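Structure first, then comments.
All figures in this text were calculated on a predicted structure; none of them were measured in a lab.
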Amino acid sequence: MSESQLWKDVDDHFTNLLAPADEILAAALHDSDAAGLPQINVAPNHGKLLRLIAEIQGARRILEIGTLGGYSTIWLGRALPADGQLITLEYDPRHAEVARANLARAGLDTIAEVRVGPALETLPKLADENPEPFDLVFIDADKVNNPHYVEWAVRLTRPGSVIVLDNVVRGGAVTDASSTDPSVLGTRAALELIASHPKLNGTALQTVGVKGYDGFALARVEA
């Protein structure tokens, strides 16, 4: 058995036991695939992790940067109370359309709002609304702009809020200081920002599984 097959088998075991699919989640993936969206959604057990982080945090307001078809949005939205709010930012109008349909089927359209456009344009507009601080920010968009997204996450949160930054390993390339890959450069800069930012206390973890070799960073906003 190959190493990657072993990773997949373990992930499948964990998912079947602890994060089994339901009709809503399965339909979200099916409709995303049918619409031709890239298959880069979070793994089911990672979706369950996001939900648990939100629930442990007691989150009432969540910001997601990078919606895709709304699969991770559903996991996050299910952690919110009935009067909670989730704002998710998506660059591609076609992706946003699929996500809105998936969120409506999940019964989350009353608390989850999809905003369309480049996040570096929608984030300043969001800030201009002077919103209540977000309790949790999940960043899973273009990696080039990761450091900018982290900065905006700090601005839009409060002491005690949590920031999750996905896909930080880049197949191990994150260690390559000579890389010219924009995604690697953006990820390295974001991690360096987390390490040096006076308001952030964070770490990063490697993961293996159905999504291959990857990882995520987790940071807490300090006073």
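Between the OG1 atom in Thr203 and the CZ atom in Phe216 there is a gap of 9.0 Å [rounded to 0.5 Å]. Atoms OG1 and CD, on Thr110 and Gln85 in that order, are 11.0 Å from each other to the nearest 0.5 Å. Atom NZ of Lys211 is separated from atom CG of Asn45 by 11.0 Å, given to the nearest 0.5 angstrom. Atoms CD1 and NZ, from Ile53 and Lys48 in turn, are 12.5 Å apart once rounded to the nearest 0.5 Å. In this structure, the separation between NZ on Lys125 and CD on Glu121 is 6.0 Å, given to the nearest 0.5 Å. Here the CD-CG distance, from Glu64 to Leu136, works out to 9.5 Å after rounding to the nearest 0.5 Å.
Annotation: Gln5, atom CD; neighbour count of heavy atoms from other residues, nucleotides and ligands within 6.0 Å is above 12. For Glu97, the CD atom is loosely surrounded, since the number of other residues' heavy atoms within 6.0 Å does not exceed 12. Surrounding CD of Glu23 are at most 12 heavy atoms belonging to other residues, nucleotides or ligands under 6.0 Å away. More than 12 heavy atoms of other residues, nucleotides or ligands lie within 6.0 Å of CD in Glu55, so this atom counts as buried by the packing criterion.
For Leu191 against Ala217, the heavy-atom pair with the smallest separation is CD2-CB, 3.8 Å. Residues Ala219 and Leu200 share a closest heavy-atom pair of CB-CD2, 4.3 Å. Considering every non-hydrogen atom in both Ile62 and Ala54, the closest pair reads CD1-CB, 4.1 Å. Summarising the geometry of Ala82 relative to Ile111, their closest heavy-atom pair is O-CG2, 3.5 Å, with the distance given to 0.1 Å. Closest non-hydrogen pair, Gln57 versus Asp135, comes out as NE2-O, 3.2 Å. Closest approach of Gly209 to Asp11, counting heavy atoms only: CA-OD2, 3.1 Å.
Inter-residue side-chain proximity for Ser72 and Leu50 is flagged as met; some heavy-atom pair is nearer than 4.5 Å. Val137 is not listed as a side-chain neighbour of Trp152, based on a closest heavy-atom distance of 4.5 Å or more. Annotation: side chain of His95 is in contact with side chain of Pro38 (closest heavy-atom distance under 4.5 Å). A 4.5 Å side-chain heavy-atom check between Val42 and Phe138 finds at least one atom pair inside the cut-off. At least one side-chain heavy atom of Leu68 sits less than 4.5 Å from a side-chain heavy atom of Leu37. Annotation: side chain of Val150 is not in contact with side chain of His197 (no heavy-atom distance under 4.5 Å). Proximity of Glu90 to Thr122: side-chain heavy atoms (C-beta onward) are nowhere separated by under 4.5 Å. Contact annotation: the side chain of Val208 never approaches that of Glu3 to less than 4.5 Å [non-hydrogen atoms, C-beta and beyond].
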Inset, instruction - Dump the intermediate steps for side chain to side chain contact (heavy atoms under 4.5 Å, CB included) on Met1 and Asp9, then the final yes or no. - result: CA-CA 10 Å; Met1 179 185 297; Asp9 289 348; 3.4 Å; yes

Legend entry - From CA spacing to verdict: side-chain hydrogen bond (donor to acceptor under 3.5 Å, both in side chains), Asp142, Tyr91: CA-CA 9 Å; Asp142 60 299; Tyr91 175 82; over 6 Å; no

Inset, instruction - List the steps and the verdict of side chain to side chain contact (heavy atoms under 4.5 Å, CB included) for Ile163 and Val221. - result: CA-CA 8 Å; Ile163 300 169; Val221 181; 4.0 Å; yes

Legend entry - Chi angles and distances behind the side chain to side chain contact (heavy atoms under 4.5 Å, CB included) call for Asp214, Gln206: CA-CA 6 Å; Asp214 210 333; Gln206 303 177 78; over 6 Å; no

Inset, instruction - For side chain to side chain contact (heavy atoms under 4.5 Å, CB included), just list the numbers for Leu25 and Arg78, CA-CA rounded to whole Å, side-chain angles, deciding distance to a tenth of an Å, and then say yes or no. - result: CA-CA 11 Å; Leu25 290 168; Arg78 287 177 170 179; 3.6 Å; yes

Legend entry - Verdict with reasoning, Ser178 to Asp176, per side-chain hydrogen bond (donor to acceptor under 3.5 Å, both in side chains): CA-CA 5 Å; Ser178 65; Asp176 185 1; 2.6 Å; yes

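Look at Arg170 and Asp181 and you find no salt bridge, because none of the NZ, NE, NH1 or NH2 atoms lies under 4.0 Å from a carboxylate O.
Asn145 places no side-chain N or O within donor-acceptor distance of the main-chain N or O of His148, the cut-off being under 3.5 Å. Side-chain N or O atoms of Asp140 include none that pairs as donor or acceptor with a backbone N or O of Gly66 at under 3.5 Å. Arg60 places no side-chain N or O within donor-acceptor distance of the main-chain N or O of Pro81, the cut-off being under 3.5 Å. Arg188 places a side-chain N or O within 3.5 Å of a backbone atom of Val174 that can act as its donor or acceptor partner. A distance-only check finds no donor-acceptor pair linking the side chain of Asn102 to the backbone of Gly70 [under 3.5 Å].
Here the options are Thr73, Thr88, Asp92, the test is side-chain hydrogen bond (donor to acceptor under 3.5 Å, both in side chains), and the partner is Thr67; only Thr88 passes. Among Leu165, Val169, Asn146, Asp166, the one residue that satisfies the side-chain contact (heavy atoms from CB on, under 4.5 Å) test with Thr187 is Asn146.
Cluster membership check: Val164 shares its hydrophobic cluster with Ile74, using side-chain heavy-atom separations under 4.5 Å among Ile, Leu, Val, Met, Phe, Trp and Tyr. The same ILVMFWY cluster, assembled from side-chain heavy atoms under 4.5 Å apart, contains both Ile65 and Ile194. Val114 is not connected to Leu63 by any chain of hydrophobic side-chain contacts under 4.5 Å among Ile, Leu, Val, Met, Phe, Trp and Tyr, and they are in different clusters. Leu193 and Leu218 fall into different hydrophobic clusters, where Ile, Leu, Val, Met, Phe, Trp and Tyr side chains are chained together by heavy-atom contacts under 4.5 Å. Following chains of ILVMFWY side-chain contacts shorter than 4.5 Å, one can reach Tyr71 starting from Leu76, so the two form part of one hydrophobic cluster.
Between Tyr213 and Trp7, the two ring planes are tilted [angle within 30° to 60°].
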